[in-house]
Amino acid sequence: ILLFREVLEHVSRIDRILTAPGGSLLLAGRSGVGRHTAIELVAHMHRYTTISPKISRSYKLKQFHADLKAAMQVAGIDGENALLLMDDHQFVQPTFLQLINSLLSAGEV
């Protein structure tokens with residue numbers, strides 16, 4: 001793993017945000033600048049469980065609900081620190097983004 005200055009800046013920002021109570025973030029920008037690597041590094045540093053839905057051709061709203069439920073169970077019921085990691089290609093339906101927005105703003109789906 002190569003740690004460029006830009007990646008280290010991402011790591012420090014991500015670490016600060018995710019360790020704050022109720023911390024959540026949306027990273028946007030050009031590809032290849034190390035956002036995914038920085039998030040995985042911070043998750044590993046803090047021993048967070050990283051959860052990312054596995055998208056396939058038949059992935060629909062029902063499977064997305066099941067994946068969100070599993071992520072919330074890991075964080076809520078199991079009491080583990082969890083990080084829900086979603087890339088832009090995983091939002092195959094506009095409803096997925098609405099559910100994530102609802103989860104971030106109100107804490108419910």
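Position 1 is the first residue of the sequence, and the numbers go up from there. Hydrogens, waters and symmetry mates play no part in the numbers below; they use all other heavy atoms, side chains included.
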Could you work out, with side-chain contact (heavy atoms from CB on, under 4.5 Å) as the rule, every residue matching [X], not counting sequence neighbours?
| X | result |
| --- | --- |
| Ala82 | Ile51, Val74, Ala75 |
| Ile17 | Leu25 |
| Arg13 | Glu9, His10, Arg16 |

Set of side-chain hydrogen bond (donor to acceptor under 3.5 Å, both in side chains) partners for [X], sequence neighbours left out:
| X | answer |
| --- | --- |
| Thr49 | Glu80 |
| Asp15 | His46 |
| Gln90 | Ser52 |
| Ser12 | none |

Just to verify, what does His36 make a ring-ring contact (aromatic ring centres under 6.0 Å, His included) with, not counting sequence neighbours?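 ring-ring contact (aromatic ring centres under 6.0 Å, His included) list for His36, sorted by chain: empty.
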Tell me, please, which residues at least two apart from Phe96 pass ring-ring contact (aromatic ring centres under 6.0 Å, His included).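 Checked Phe96 against ring-ring contact (aromatic ring centres under 6.0 Å, His included); matches are Tyr59, Phe64.
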Nearest 0.5 Å, what's the [atom1]-[atom2] distance between [X] and [Y]?
| X | Y | atom1 | atom2 | result |
| --- | --- | --- | --- | --- |
| Lys60 | His65 | NZ | NE2 | 14.0 Å |
| Leu84 | Asp67 | CG | CG | 9.0 Å |
| Ile100 | Thr95 | CD1 | OG1 | 12.0 Å |

Which pairs with one or both residues in residues 69-78 pass side-chain hydrogen bond (donor to acceptor under 3.5 Å, both in side chains), sequence neighbours excluded?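 Listed by first then second residue: nothing to list.
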State, with a plain yes or no, whether a side-chain heavy atom of Leu99 is found less than 4.5 Å away from one of Leu61.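 The answer is yes; the side chains approach within 4.5 Å.
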Indicate the atoms forming the closest heavy-atom contact of Tyr48 with Leu18, along with that distance.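 Heavy atoms only, the tightest pair is OH-O, 3.4 Å.
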Considering only distance and modelled atom types, tabulate donor-acceptor pairs under 3.5 Å from the side chains of residues 38-45, sequence neighbours left out.
none

